[in-house]
Amino acid sequence: MALLVSVPQLSAEGVTGLVFAESKPIHIVCGSVTFAAPHPAAGSPIDPLQASLFGYRLYRKQSSGAGGVWDAAAKQWMGAGAQPQPQTLFLQDGVWQGLLVAMGQTDAAGAPLLATSPLTHYPRYYVRCLFAAADAAGVVQSGESGPSADFEVVTLADSKRAGLALQPEDAAAAEHILLFLKDSGLVERGRIEIRRDGSGFRIDLAVAGASVTLDSSGDIHLAPAAGRSVYLDGPTTIGGNLTVNGIATATGGFTP
């Protein structure tokens, strides 16, 4: 038998969505912790006085697909399968909750604990809540929630609504340039990227799910958002071949 722990919900003051600024604490809520069937008290919440474990673990995802879990005692990211001591939650107004503070928090090497790159949108983070409590018979039951939604944390330097980013940051060695604009919730709404692509370079423009790409071969790709269209307003002249779904419909120039 085990405990049923609801998926944690995350929020921060003045934020809509899951892109948080490091300057504001992230509020974690694990709303429901109950005994599971076939326990006689199935569906009943645990007694806080009988709880021996009430905490959460912080995880991160890298762009490479690698994962990790934060060990607060060692101040370092461990392999995703590690099980460090959870960070404590507290009970307030009948709800288990906690605060995740990014501002000023670093690992043992001095790197920021939470910092998402505006270029790659990684690392991303999520949390899981863990509980253990004795039932009426004195038997300890335990349970772990599913993962919260992924979230990002932007540093003060990245919390501006518009900006220019280089990778690497040394302009003399930069191979990737990003120009971006965000809304009031710090959700990116449009970006222009110039980057090295093999032996050449490419340019990408993206907004509202639509994109324009000038690739390193010289091809141009137009991709509207799902359910949207590409519009050509005014007279249209095609000076080369016209191919539709892989079939050449006109050659040698075409003017509708």
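These values consider heavy atoms only, across backbone and side chains, with no hydrogens, waters or symmetry-generated copies.
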Pairwise side-chain contact, F35 with Q141, heavy-atom cut-off 4.5 Å (strictly under): yes
Side-chain touch W77/D71, heavy atoms, less than 4.5 angstrom: no
Min side-chain heavy-atom separation S44-T34 under 4.5 Å: no
Distance in Å, L178 CG paired with E193 CD, rounded so as to fall on 0.5 Å steps: 5.5 Å
Inter-residue atom distance D107.CG - Q76.CD, 0.5 Å rounding: 8.5 Å
All pairs passing disulfide (SG to SG under 2.5 Å) where residues 84-116 contributes a residue, at least two apart: none
Donor-acceptor pairs are to be reported for all side-chain atoms of residues 206-219 against protein atoms at under 3.5 Å, with residues two or more places apart or in another chain.
residue : atom : partner : partner atom : Å
T213    : OG1  : D204    : OD1          : 2.7
D215    : OD1  : S217    : N            : 2.9
D215    : OD1  : S217    : OG           : 2.6
D215    : OD1  : G218    : N            : 3.1
D215    : OD1  : D219    : N            : 3.0
D215    : OD2  : S217    : OG           : 3.4
D215    : OD2  : H221    : NE2          : 2.9
S216    : OG   : D197    : OD2          : 3.2
S217    : OG   : D219    : N            : 3.4
S217    : OG   : D219    : OD2          : 3.4

Any side-chain heavy-atom pair of I192 and F180 under 4.5 Å: no
P123 backbone acceptor or donor facing T116 side chain under 3.5 Å: yes
Separation of Q87 CD from F54 CZ (nearest 0.5 Å): 14.0 Å
By side chain to side chain contact (heavy atoms under 4.5 Å, CB included) - contacts of P112 (at least two apart): A115
Side-chain (R128) to main-chain (S145) donor-acceptor, under 3.5 angstrom: yes
Main-chain N/O of S32 paired to S6 side chain as donor or acceptor, under 3.5 Å: yes
Exercise: identify the closest heavy-atom pair between L91 and P48: CD2-CG, 3.3 Å
ring-ring contact (aromatic ring centres under 6.0 Å, His included) partners for F131, two or more places apart: W96
Student check: side-chain heavy atoms of Q83 and R57 closer than 4.5 Å: yes
R195 side chain near E175 side chain, heavy-atom distance below 4.5 Å: no
Non-hydrogen side-chain atoms of L4 and V33 separated by less than 4.5 Å: no
Heavy-atom side-chain proximity of Q97 to L89 below 4.5 angstrom: no
Contact summary for A12 and P25, nearest pair of heavy atoms: CB-O, 3.6 Å
Residue pairs involving residues 50-117 (criterion disulfide (SG to SG under 2.5 Å); sequence neighbours excluded): none
Audit row: E152, H121, side-chain contact (heavy atoms from CB on, under 4.5 Å) steps and yes/no: CA-CA 7 Å; E152 301 178 24; H121 294 284; 3.2 Å; yes
Summary of side-chain hydrogen bond (donor to acceptor under 3.5 Å, both in side chains) pairs that have at least one residue in residues 223-232, sequence neighbours excluded: none
Interatomic distance, Q85 atom CD to T88 atom OG1 [nearest 0.5 angstrom]: 7.5 Å
Heavy-atom closest pair, residues V230 and P224: CG2-CD, 3.8 Å
Worked verdict on L10 versus Y126 for side-chain contact (heavy atoms from CB on, under 4.5 Å): CA-CA 9 Å; L10 308 175; Y126 63 94; over 6 Å; no
Pairs flagged by disulfide (SG to SG under 2.5 Å) wherever residues 206-236 is involved - sequence neighbours left out: none
Candidate pair S148 and V127, rule side-chain contact (heavy atoms from CB on, under 4.5 Å), full reasoning: CA-CA 5 Å; S148 72; V127 299; 3.7 Å; yes
Disulfide (SG to SG under 2.5 Å): pairs with one or both residues in residues 34-126, sequence neighbours excluded: none
Interatomic distance, I194 atom CD1 to F201 atom CZ [nearest 0.5 angstrom]: 9.5 Å
Anything under 3.5 Å between a donor and an acceptor, one on a side chain of residues 58-67, the other on a protein residue two or more places apart or in another chain? List them.
residue : atom : partner : partner atom : Å
K61     : NZ   : D150    : OD1          : 3.2
K61     : NZ   : D150    : OD2          : 2.9
S64     : OG   : A66     : N            : 3.4

Closest heavy-atom pair and its distance - C129, I28: SG-CG2, 4.4 Å
Members sharing V29's hydrophobic cluster (side chains within less than 4.5 Å): V95
F20 ring center within less than 6.0 Å of F151 ring center: yes
Other ILVMFWY residues reachable from L53 by side-chain steps of under 4.5 Å: L130
Considering all heavy atoms, the nearest L100-Y56 contact: CD1-OH, 3.8 Å
Minimum heavy-atom distance between I46 and A51, given as atom pair plus value: CD1-CB, 4.3 Å
Test side chain to side chain contact (heavy atoms under 4.5 Å, CB included) applied to A137 - qualifying residues, sequence neighbours left out: D135, V139
Rounded distance [0.5 Å steps], CG in L222 versus CG in L232: 8.5 Å
Criterion side-chain contact (heavy atoms from CB on, under 4.5 Å) on S11 and I26, from CA distance to verdict: CA-CA 6 Å; S11 62; I26 300 170; over 6 Å; no
